[in-house]
Every structure is written in C-alpha cells, then in structure tokens.
Number of protein chains: 2
Amino acid sequence: MARLKSRVTSFDVAKLAGVSQPAVSRAFTPGASITKEKRDRILAAAKELNYVPNVFASSLSSKRSNMVAVISGNLNNPFYSETLQVFVESIQRTHRQVLAFSVQDGRDSDDVMMQAMRYPIDGLVVTSAQMSSELVKLSEGLGIPVVMFNRRVVGSELSGVQCDNFEGSAVLGRLMAAAGARRILIVRGDPQGSTSIDRVQGFRSAVDGVAGVEIEEVDGESSYSGARNAMIRRFNGPGPRFPDAIFAVNDIMAIGCADALNENFGLKIPDDIMLAGFDGIREGQRAPYSLTTVRQPVERMVAETLELLKAAPEDLKGAEAQRRVIPGDLIPGHTVPGMGRWAR
Amino acid sequence: MARLKSRVTSFDVAKLAGVSQPAVSRAFTPGASITKEKRDRILAAAKELNYVPNVFASSLSSKRSNMVAVISGNLNNPFYSETLQVFVESIQRTHRQVLAFSVQDGRDSDDVMMQAMRYPIDGLVVTSAQMSSELVKLSEGLGIPVVMFNRRVVGSELSGVQCDNFEGSAVLGRLMAAAGARRILIVRGDPQGSTSIDRVQGFRSAVDGVAGVEIEEVDGESSYSGARNAMIRRFNGPGPRFPDAIFAVNDIMAIGCADALNENFGLKIPDDIMLAGFDGIREGQRAPYSLTTVRQPVERMVAETLELLKAAPEDLKGAEAQRRVIPGDLIPGHTVPGMGRWAR
DNA sequence: TTGTACGCGTTATCAA
DNA sequence: TTGATAACGCGTACAA
C-alpha cells in the first residue's frame, strides 16, 4: 500500500500567488466570483507547482463526489463488456467518473457492493447481479441511489431498467414458429437470473399453443463454452435427434451453439437447424453468423439508467420504484428463414 | 449534481456504542488493538445505524487511497475490453478499486488524464493512448506512478509493459513466407501508434529478404469496419489482383478482412488467401475463424503492470524507466497453412 | 487497550 | 470580490 506522497496543496499555491487559500479554490471553481486577473495568476502558480485540486478533499467538504459505481457481472459475455463501455463513455461525458467493479459469476456480490458503498458515490448501477435486502437497506441508509440494469429483482422492489425480455423473446418465438419450427430446443442461461427466466417464458408463450410444438430445455451456463458443451453433450449420445430450431437466451450462447453445430455435427444454419439469440452483440451480427436476434438498445437503456440515478434513493424503492422496460429491436438476420419460406 | 446526504459518521456509532470515535476507526481496521468484545459492540452499533467508513475521509487522513486509474483507448477493439476486464479483476483481487476512463480514438487524452490525476490514486495505467510531456511532469509532481500498457512512448522515456510486437510479427512473417506467401498485403492500424509500427516492421523484417516477395500496405484504422472497408475499396476496382497473404496488425482487423474476403469476394481462407492477425482475442479463436495469430499474454502483462506500479514515480521515468517486453505466443490456427503444405 | 487532540486538503459561511 | 474560520469524516500521535 503505497503511502501517497504529500501533495502540493492550495496553501502552497496561495502563498506563491500572494492570495488567500480560498482564492485558489475559487480559481478552480467554474463560475466562482473572482477577477479574471487573479484567477490567471493563481492558475499560473498552480501550473508551476504542478497543483491540481484533490478530489477527495473537495468531495469531503462539498458533499458531492461525481462518482458513479458500476458493478458488472459476467464480463465474459460481450454484451456486458459492451455495456460497461457505454456506461464509461456516457458517465464520462457528464463529467463524472466511473468506479468499476466486477462480480464473478456465482461469487458473493454483497462483498463487492459493500466496497463500493464505502465511497461517497452519487449512484450505484448493478448489472447482472443480485442485491441482498441487507444491502438495499444499507444503500438506503447511506442515501445512495441504486438502479438495477437488466435485472428484475425478485423479492425486493428496486428500481431498474431492462429490455422487454418477455416480449422480445415472444417475437422470436412467433418468428420461428412461423418459419416452421416444431421441435424446439431452448438453451437457458443462469437458471436463477430473471433475464433468462423472462426470455424463456416469453418465448414459450409464443410457441406453446402452436400445434405440434415440442419443447426441450437445456442449460447453457450463460456462456459460449457452456452452450457449446451443452450442444455436444446433448447430441453426442447414440441416435441423437436434432431439433429444427434452437433458441439461446443470449447471443454469446447462440454463437456457441452455432459453432458446435457447424463444427462438431456438420449442420448448416438455417438449412438444417434454425437459430436465434438475444442481445444484439456486435460479434453475432458479423457475416459468419448474421444471427437472428433482438437487440437491446443499450445506449438508451444506459441513458435511462443514468436518468433514474438522479432520483432520491427513497423514490427508487418500494412502492415508488421506477421500472423502465424498453422494447428491443428485432434483427432479422439469416439464421431463421424469413418470409422467403412463406413465398415458396 | 446530487448533494450527498450527510452520512452517519463514526461519531454517531461511537455515541451509540458508548466508546470514543477512534475506537470505531479501530473496529474497522483489521489488526488494530481493540478487544474483541468492544469491536463486536461497535460493529453491532454500526450495522444498526447503517454505518460504513467513508473512504474519501479515511484516505485523506491516512494518505492512502487504494485506487488505480485505468485509461483505456479504443474499447471497440475486443482486445482492450478484454484487457480492461483483466485489470478490473486483478486490481479488485488486491483489494483496490478501479477508476475507469476511456479515451475515444483521436480525442484529446490529456484532459481525461488530468481528471484522473485529481484523484489521489495509487497509480495510473494508460492503454493505447499517448501522454504529453506536460502530463508526465504533472504526474511526477503529484507523485503518481504511471505505466504505459502496450504502448511505446515516443520521445519521453516512460515505463511500460508491452508484448514483443516486433518479434511476434516476425514469427508470423516467417510462418507465412514458409507457407509460400509472396504477394503480401499488410493492413496497418493507427499509423502513429507504436503497436502498429512495431508489428509492421517486425513482419517486414522477416519477409523483406525472401526472394520474390512484394509487399503492399493499406490502412485498416485499427477496427473491424476499417479493415473490412479497406478490403472492399482495395479489391473492388477493375481487375483487382488478390495477394496470396494478408497480415493484419491486430485480430479485430483480421476478422474484418476475413469477413469481407468471404462475403464480398467469395474467397476461402486459407485456400485462396492466407491470413494472420495479432492479439489472440477470443473471437478470433472461435471455429469460423481459427485465426493464426500471436496471443498477447494479457494476464501476465497486467500482473507486470501492477508490479511496476509499486515503484516510486521517479524510478519509472527517464533513465530508470522500466520496460518490460513480454514474448507473445504463436497460435497456429487454421488461416495459414502449416507444415502440412511442406509435407506434400 | 483506550481516549484526547490534531491534521489531512478542500469547500462553505460570513463578515469585511 | 475577498479573506478568516469553521466544517467535512476519518486516521494517527500521544498520553493515560
């Protein structure tokens, strides 16, 4: 733990510039009352001494810390690393800083969130992780607004922004059913995660009533390798019968499925099996996959999240909880036959 | 700018627990001298009041802030978002926090770094961005250790960790030449970036002497679409002659090339054109590409970066600058024909 | 082990 | 517009 070298302080600058210490503070505060001449002199002295105001000290005194903590889970899923990127860029654009945390899948996230709350942050964004009721209480006590990103909290009523996972998946379900899917395999993600649950339910709601539809579910562990391995396990047995459609609840799993089907079983998509995912990650949109999927409008979701963060903590929970559900965008892609098949 | 709600302080906890304020501080400091009984009583009071120590205040007083700033450029390149992830996880593992910044390609990075230095951070990691000599001076004045990640700084002597870009690319050059490459197209990245420059030079050093070799260079803008578009522009003209090998200085561009060649020109890799990249990103390793490339050992590079950060700032610049050059690992892949061709 | 007194570097307050 | 002074919330001496 490096002890910080004692910094040049505003007092040092004040002495060199021949002014009082608060004057230095004003020189660095946009819109403060100070003559331009004096400010220039102070800034010159500051530059000479390599002085910049210490955010910690100023935050302590001003009771504002332009810091937002972002807790990301499952950064191996490109959707979440793309999302983190958008958060960083958006938050930075508003002259605030990002304190970044990651929670390994299945690891205790309470510990990490506790760390985050020791900072006097303006807000806390939680993606893809649960939050215990104890922590909800703590965040409240600390007056820190919390918004869940893409995660419906079971039990406690917290504010959050999410894509319309149910309806988006239902659209994919209808699309696949219309394209002739009857024997359908659903690749689940985290069985506890609301995202996976909602998508499975949404999809089923669209195909359950269709005549002749049989559905099977397997676990894909929310990851490329998880889905890939699930395919191999499932179809390597004696006399495997392939479904005619696969719905993976996220794109990275869909990609894992596609690779396994192609490489291990020589199947062509969509000729032999149709495939759909969810998220709209860049990788899935590229030529080798051209995945049929529903894109989560990340930019907008992030913007709404940051918007919610402005509210008082009391207005973000319980009965006041704000739930923003943003519709996703269907990306037709090439992995589900489209109207072309109907035209035949 | 949300004004932070005034927090519960150690004084409040002290009063409730019937002890002095420093006792509260000790209760939260591992290894401090305090009886277990008293500590328990204090922690109970703290929990009741939703108290957690304020990092800013404690840092101000203790002169240590377990915060490391990471400035990332070009997060659209999966290599850098994978790297950021490794930084976050590694730093978090040592009970420190990450202050994350991003610098858009070509944007002024000085401004962002200046923001970072207003924090009393333990260190600053800069990936894929330049640092002006003014900022170097400032970081020195502030006593903040700076380490460049994967970037050789032209002009100023700063410490840094990088992959052996020259030698790694030379290995790829030799591999391609041995596989029969003669008409070679090099897809450059950022023309100013040391990474791209070193890789181009390393590659050329290996093939320049080979009889019959012709080399052409084009700009791929360090991105998927940049490289993809470069292919289309280059080969769409009348009577395009395709090279027999393409070396893209990073994987994401190699993937862009592969997609364009396949989709727009119907070329098969490696049968019609062989292809190599650099970085070893996950996406490039997957079945549709199986890219021949050199993997940057990110985990090790990050570890060495954090190691360097422990040094005093004076020992990280000028004559004392530490340069750690880590060898990359050749991943044979399937996009350059291997010894199989020799065996024929 | 415990408490008192002080300092960390800044902004806020208020009188000049 | 300015400067003196008091917070901000916590660690750290030091004395008890």
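Residue numbering restarts at 1 for every chain, and letters A, B, ... go by the order of the sequence lines.
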Between [N] ([atom2]) and [X] ([atom1]): distance, integer Å:
| X | N | atom1 | atom2 | answer |
| --- | --- | --- | --- | --- |
| B:Arg64 | D:dG11 | CZ | C1' | 10 Å |
| B:Tyr51 | D:dC10 | OH | P | 4 Å |
| B:Asn66 | D:dG11 | CG | C1' | 14 Å |
| A:Leu142 | D:dC8 | CG | P | 17 Å |
| A:Lys63 | D:dG9 | NZ | C1' | 9 Å |

Exam field: side chain [X] to backbone [Y], donor-acceptor pair closer than 3.5 Å:
| X | Y | result |
| --- | --- | --- |
| B:Thr305 | B:Val161 | no |
| B:Arg93 | B:Val88 | no |
| A:Asp12 | A:Thr9 | yes |
| B:Arg39 | B:Arg26 | yes |

Are the side chains of A:Leu135 and A:Val146 in contact, using a 4.5 Å heavy-atom criterion? no

Could you work out, with side chain to side chain donor-acceptor pair (under 3.5 Å) as the rule, every residue matching A:Ser61, not counting sequence neighbours?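 With sequence neighbours excluded, A:Ser61 shows a side chain to side chain donor-acceptor pair (under 3.5 Å) to no residue whatsoever.
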
Check every strand shown and say whether [X] touches a base, only sugar-phosphate, or nothing at a heavy-atom separation below 4.0 Å.
| X | value |
| --- | --- |
| A:Ser33 | base |
| B:Ser61 | base |
| A:Phe11 | base |
| B:Phe28 | nothing |
| B:Pro22 | base |
| B:Thr9 | sugar-phosphate |

Restricting to ring-ring contact (aromatic ring centres under 6.0 Å, His included), what partner residues turn up for B:Tyr51, sequence neighbours left out? B:Phe28

Side chain of B:Ala57 only, please: which of D:dG9, D:dT5, D:dG3 is the nearest? D:dG9

Residue list, side-chain contact (heavy atoms from CB on, under 4.5 Å) with [X], at least two apart or on another chain:
| X | result |
| --- | --- |
| A:Arg7 | A:Val52, A:Asn54, B:Pro120, B:Leu142 |
| A:Ser222 | A:Asn74, A:Asp190, A:Asn250 |
| A:Ala69 | A:Leu99, A:Phe101, A:Ala116, A:Ile121, A:Leu124 |
| B:Ser109 | B:Val103, B:Met113, B:Ala129 |

Residues 56-87 of chain A vs ring-ring contact (aromatic ring centres under 6.0 Å, His included), sequence neighbours excluded, gives A:Phe56-B:Phe56, A:Phe87-A:Phe149

Strand contacts (DNA chain D) in residues 35-46 of chain A, 4.0 angstrom heavy-atom criterion: A:Thr35, A:Lys38

Do B:Glu304 and B:Arg300 meet the salt-bridge criterion of a basic N to acidic O distance under 4.0 Å?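 Judged by the 4.0 Å cut-off on N to carboxylate O distance, B:Arg300 and B:Glu304 do form a salt bridge.
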
Of all residues at least two apart in sequence or in a different chain, which pass the salt bridge (Lys or Arg N to Asp or Glu O under 4.0 Å) check with A:Glu48?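 None.
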
Between which nucleotides of DNA chain C, 5' to 3', does chain A make heavy-atom contacts below 4.0 Å?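 Terminal contacting nucleotides, 5' to 3': C:dG9 to C:dT13.
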
Between the two ends of the helix from C:dT1-D:dA16 to C:dA16-D:dT1, what is the bend in degrees, rounded to 10 degrees, where each end axis spans five pairs?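 Computed from the C1' atoms at both ends, the axes differ by 30°.
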
Any side-chain N or O of B:Ser58 less than 4.0 Å from the OP1 or OP2 oxygen of D:dC10?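 For D:dC10, neither OP1 nor OP2 has a side-chain N or O of B:Ser58 closer than 4.0 Å.
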
Below 3.5 Å between N/O atoms, which protein atoms pair up with nucleotides 14-16 of chain D? Just atom names and distances, please.
none

